[in-house]
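Note sheet for the following structure.
Quick note on labels: first sequence line is chain A, next is B, and so on, each numbered from 1.
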There are 2 protein chains.
Amino acid sequence: MSDQVSLRSTLHQRGMRMTPQRQLVLDAVRELGHATPEQVCRKVQGTASTVNITTVYRALDLLEELGLVRHTHLGHGAPTYSVEEHEHVHLACHRCGGIDEVSTELLDDLARLLLEQRGFALDATHLALSGTCRNCREG
Amino acid sequence: MSDQVSLRSTLHQRGMRMTPQRQLVLDAVRELGHATPEQVCRKVQGTASTVNITTVYRALDLLEELGLVRHTHLGHGAPTYSVEEHEHVHLACHRCGGIDEVSTELLDDLARLLLEQRGFALDATHLALSGTCRNCREG
DNA sequence: CTAGTTGCAAATTGTTTGCTATGTA
DNA sequence: TACATAGCAAACAATTTGCAACTAG
C-alpha cells in the first residue's frame with residue numbers, strides 16, 4: 001500500500017526508519033482495536049519475544065505524533081491506543097467496565113451546537129461517554 | 001444541615017463513622033471544585049498536617065461510593081474529584097489543555113437517543129468532551 | 001472487647017529516563 | 001563515522017495493600 005511508502009518517506013525526512021519493532025506495534029494496534037500499551041506489548045512479543053515494553057511506549061508515542069494512532073482514556077486504568085481511522089464513540093459503563101460503540105453521527109447535533117455556541121470543535125473520534133449500560137441497569 | 005445528619009446515619013447503618021479526616025476530605029473537595037487526590041491531600045494537610053495521603057484515597061473512595069463525590073478523567077494525568085452536585089460537562093482542548101464547562105442540558109437530546117437506541121444511561125456529569133477550543137482554532 | 005479507622009512502610013502499576021550496544025546509511 | 005534505535009535497569013509517579021496501633025461504641 002502507498003500508506004506504507006508515504007510513512008517510510010515521512011520518517012526518512014526526519015532521519016528516522018520504519019523498524020520491525022515499530023511495524024509490529026502498528027500492526028498490533030490495528031489488530032487489537034483498542035489496547036493498552038501492556039496489551040500491545042504482549043501481542044508484539046508473540047512474534048518477537050525480545051521486544052521491550054519501553055520500545056512499545058516509544059513506538060506508540062512516535063506513531064501518535066505521526067497521526068497513525070491515537071490514545072483515549074476509557075475508564076480508570078491505562079489509556080488504550082487505536083488506529084486513527086477508528087471512528088466511533090465509546091460508551092463506557094462505569095458499573096461493569098464494558099465498552100460499547102456507537103456511530104459518531106449521534107453526536108452531529110451536539111457538535112454543531114458546541115461549535116456555534118462555544119466555538120469548540122468537538123473531536124468525536126476521541127471520546128468516551130460514561131454511564132450505565134442496559135445490562136447493569138436491569139441487573 | 002440535614003445532609004450531614006443523613007450522611008452520618010447512612011454511615012452508621014454500615015457501622016462506619018464520619019471521622020474528622022473524612023469530613024476534611026469532603027470539605028476540601030467541595031472547596032477546590034476539581035482536584036486531584038494530591039491536591040486534596042495538601043489542602044487537608046493545611047488543617048491537619050498528619051493526615052496521610054492513603055487516608056485521602058480511602059476517604060475519596062468511600063465518599064464516591066456514598067455518591068457524595070465523583071471523579072473524572074480530564075486529560076492525561078491524575079483524575080480530579082468534585083462534589084456530586086457539580087453538574088456540568090467539560091470541554092477539554094487537546095491543543096492547549098484548557099478546560100471549559102457547559103451545561104449538561106446540551107446533552108439532553110443525546111442522552112435520550114442513547115437510552116432509546118442502546119439502553120445506555122448517559123451520565124452527563126461525569127463527562128469530558130475532547131476537541132479544539134476557539135482560541136486554538138483561530139490562533 | 002470489638003470492629004472500624006488511621007498512618008506508615010512496602011508493594012504494585014504504569015510510564016519515563018539514562019546509558020550502552022548495535023545496526024544502518 | 002555519525003546517528004537513530006533497541007534493550008535493559010533504574011527512576012518516577014500514582015495508587016494500593018498489609019499491618020500494627022489507636023479509638024469510639
To the nearest angstrom, how far is [X] atom [atom1] from [N] atom [atom2]?
X: A:Asn52; N: C:dT20; atom1: CG; atom2: P; answer: 17 Å
X: A:Gln23; N: D:dT5; atom1: CD; atom2: C1'; answer: 16 Å
X: B:Gln45; N: C:dC8; atom1: CD; atom2: C1'; answer: 13 Å
X: B:Gln39; N: D:dA14; atom1: CD; atom2: P; answer: 10 Å
X: B:Tyr81; N: D:dA14; atom1: OH; atom2: C1'; answer: 11 Å
X: A:His71; N: C:dT16; atom1: NE2; atom2: C1'; answer: 15 Å
X: A:Arg22; N: D:dG7; atom1: CZ; atom2: C1'; answer: 14 Å
X: B:Glu38; N: D:dT15; atom1: CD; atom2: P; answer: 8 Å

**Study point:** Proximal nucleotide (of C:dG14, D:dT15, D:dA6) relative to the B:Pro37 side chain
**Key:**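 When the side chain of B:Pro37 is considered, D:dT15 is the closest of C:dG14, D:dT15, D:dA6.
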
Tabulate atom names and distances for all N/O pairs under 3.5 angstrom spanning the protein and nucleotides 22-24 of chain D.
unit_1 : atom_1 : unit_2  : atom_2 : d
D:dA24 : O4'    : B:Arg17 : NH1    : 3.4

Check your understanding: Would a distance-only check, ignoring hydrogens and angles, find a side-chain to backbone donor-acceptor pair under 3.5 Å from A:Arg22 to A:Leu60?
Key ->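 No; zero donor-acceptor contacts below 3.5 Å.
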
Review point. Just by modelled atom types, is the B:Gly119 backbone N or O under 3.5 Å from a matching donor or acceptor in the A:Arg137 side chain?
Key: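 Yes.
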
Check your understanding: Which residues within residues 53-60 of chain B lie with some heavy atom under 4.0 Å of an atom in DNA chain D?
Key ->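 Output list: B:Thr54, B:Tyr57, B:Arg58.
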
**Study point:** Note, A:Ile53 side chain near A:Glu38 side chain (heavy atom, < 4.5 Å)
**Key:**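 Counting from C-beta outward, A:Ile53 and A:Glu38 do come under 4.5 Å.
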
Check your understanding: Side chains of B:Arg8 and B:Met16: does their closest heavy-atom pair fall under 4.5 Å?
Key ->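 A side-chain contact is absent here, since even the closest heavy-atom pair is not under 4.5 Å.
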
Exercise for review: Taking all non-hydrogen atoms of both residues into account, name the closest pair between A:Asp100 and B:Arg118 and its distance.
Suggested key: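 What the structure gives for the nearest pair is OD2-NH1, 3.0 Å.
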
**Study point:** Phosphate OP1/OP2 of C:dG14: any A:Thr36 side-chain N/O under 4.0 Å
**Key:**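 It does not, given that no N or O in the side chain of A:Thr36 lies less than 4.0 Å from OP1 or OP2 of C:dG14.
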
Exercise for review: Tell me whether the OP1 or OP2 atom of C:dG7 has a side-chain N or O from B:Thr50 closer than 4.0 Å.
Suggested key: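 It does, given that an N or O in the side chain of B:Thr50 lies less than 4.0 Å from OP1 or OP2 of C:dG7.
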
**Study point:** Test side chain to side chain contact (heavy atoms under 4.5 Å, CB included) applied to A:Asp109 and B:Leu110, step by step
**Key:** CA-CA 8 Å; A:Asp109 285 348; B:Leu110 175 64; over 6 Å; no

Check your understanding: Once the angle between the rings of B:His71 and B:Tyr81 is folded into 0 to 90°, is it parallel (under 30°), tilted (30 to 60°) or perpendicular (over 60°)?
Key ->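 Correct class here is tilted.
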
Point to revise | B:Glu65 with B:Arg70: basic N within carboxylate O range, under 4.0 Å | key: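 Answer for the salt bridge query: no.
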
**Study point:** Lys/Arg N to Asp/Glu carboxylate O, A:Asp61 vs A:Arg58, below 4.0 Å
**Key:**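 Between A:Arg58 and A:Asp61 there is no salt bridge, as every charged N stays at least 4.0 Å from the carboxylate O atoms.
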
